[in-house]
Amino acid sequence: MDQLTIHEKSGANYMLLELAGSVNGYTLAEFQEKVYSYIQDTNVVLDMSEVLSIDAAGVGVVLAGINDGEEHNTQIFIMNPSESARHALERTGFLDTFNIIHGITEVSDVS
């Protein structure tokens, strides 16, 4: 069975979610709950460097979080996506929609 671990780290203007494993229908509930709850109050940084795979449902959570963030004046950032995560994001055809960053300091510049 697929597994996903999520470690949370709070910053000045963001919540960092370090993801490791697979984001799919089996592991989606906790990921979705965290993204949707945090995006209401602060920027969310998804560290995807250790993501083994992400399916359409997982990408859908990220896209919905981006839309929710616009309503709350917050943003979702994707930090260092693994090759498979980047490929999944590219397959959407909306790669420009995702705020892809290389380091957490890039979030500090966002007000």
Side-chain angles (χ1 to χ4, degrees):
M1 186 166 192
D2 295 325
Q3 290 188 310
L4 175 67
T5 57
I6 303 174
H7 292 113
E8 303 174 39
K9 294 182 181 175
S10 182
N13 65 336
Y14 63 87
M15 175 59 72
L16 171 63
L17 301 178
E18 296 174 329
L19 310 174
S22 297
V23 183
N24 57 36
Y26 297 108
T27 63
L28 196 64
E30 182 183 11
F31 174 61
Q32 183 174 357
E33 178 184 324
K34 290 182 184 301
V35 169
Y36 291 172
S37 65
Y38 289 129
I39 197 64
Q40 295 177 22
D41 300 316
T42 190
N43 297 310
V44 174
V45 179
L46 303 174
D47 180 349
M48 291 191 169
S49 59
E50 298 296 321
V51 170
L52 301 176
S53 65
I54 181 168
D55 69 5
V59 173
V61 168
V62 176
L63 287 168
I66 290 170
N67 290 335
D68 288 355
E70 289 176 2
E71 294 177 19
H72 299 285
N73 202 28
T74 57
Q75 296 182 53
I76 289 185
F77 297 87
I78 298 174
M79 186 168 70
N80 297 323
S82 66
E83 187 175 324
S84 64
R86 180 176 281 279
H87 184 66
L89 299 174
E90 288 172 349
R91 282 194 319 250
T92 66
F94 299 108
L95 189 60
D96 294 346
T97 303
F98 302 103
N99 293 316
I100 298 177
I101 61 174
H102 301 287
I104 201 71
T105 56
E106 295 177 60
V107 180
S108 302
D109 299 335
V110 176
S111 52

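Atom CD of Glu90 is surrounded by more than 12 heavy atoms from other residues, nucleotides or ligands within 6.0 Å. Counting heavy-atom neighbours within 6.0 Å of Glu50 CD, excluding the residue itself, gives a total of 12 or less. Atom CD of Glu83 is surrounded by 12 or fewer heavy atoms from other residues, nucleotides or ligands within 6.0 Å. Other residues, nucleotides and ligands place no more than 12 heavy atoms under 6.0 Å from the NE2 atom of His7.
Applying the side-chain contact (heavy atoms from CB on, under 4.5 Å) rule to Phe94 yields the partners Thr92, Thr97; only residues at least two apart in sequence or on another chain are considered. When the side-chain contact (heavy atoms from CB on, under 4.5 Å) test is applied to Glu30, the partners found at least two apart in sequence or on another chain are Ile6, Lys34. Residues that satisfy the side-chain contact (heavy atoms from CB on, under 4.5 Å) test with Leu52, not counting sequence neighbours, are Ser22.
Listed for the Gln32 side chain is no donor-acceptor partner under 3.5 Å among the backbone atoms of Ala29.
Closest approach of Ser84 and Val51 over heavy atoms only: OG-O, 3.4 Å. Val35 and Gly65 get closest at one heavy-atom pair: CG1-CA, 4.3 Å. Nearest heavy atoms, Met15 versus Lys9: SD-O, 3.4 Å. The heavy-atom pair separating His102 from Glu106 by the smallest distance is N-OE2, 2.7 Å. Between Ala64 and Tyr36, the shortest heavy-atom distance links the atoms CB-OH, 3.3 Å. For the pair Ile66 and Ile76, the tightest heavy-atom approach, listed with the atom from each and the gap, is N-CD1, 3.7 Å.
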Item to check | Tyr14 vs Thr74, side chain to side chain contact (heavy atoms under 4.5 Å, CB included): CA-CA, chis, key distance, verdict | outcome: CA-CA 9 Å; Tyr14 63 87; Thr74 57; over 6 Å; no

Checklist entry - Between Met48 and Asn80, does a side chain to side chain contact (heavy atoms under 4.5 Å, CB included) hold up when you go through it step by step? => result CA-CA 6 Å; Met48 291 191 169; Asn80 297 323; over 6 Å; no

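Just one residue in the list Asn43, Thr42, Asn99 forms a side-chain hydrogen bond (donor to acceptor under 3.5 Å, both in side chains) with Gln75, and that residue is Asn99. If you run side chain to side chain contact (heavy atoms under 4.5 Å, CB included) between Met79 and each of Leu19, Leu46, Asp47, only Asp47 comes through.
Using a 4.5 Å cut-off between side-chain heavy atoms of Ile, Leu, Val, Met, Phe, Trp and Tyr, with links allowed through other members, Ile100 and Leu16 fall into different hydrophobic clusters. In the hydrophobic clustering of this structure, Val45 does not group with Val23; members are Ile, Leu, Val, Met, Phe, Trp, Tyr whose side-chain heavy atoms approach within less than 4.5 Å, directly or through other members. Both Val61 and Val44 are assigned to one and the same hydrophobic cluster, defined by single-linkage of ILVMFWY side chains at heavy-atom distances under 4.5 Å. Residues Val59 and Phe77 fall into different hydrophobic clusters, defined by Ile, Leu, Val, Met, Phe, Trp and Tyr side chains chained together at heavy-atom separations under 4.5 Å. Follow the hydrophobic side-chain contacts under 4.5 Å out from Leu17 and you reach Val62 in the same cluster.
Taking CD1 of Ile39 as the start and CG of Asn73 as the end, the distance is 10.0 Å to the nearest 0.5 Å. To the nearest 0.5 angstrom, Ile78 atom CD1 is 5.5 Å from Phe98 atom CZ.
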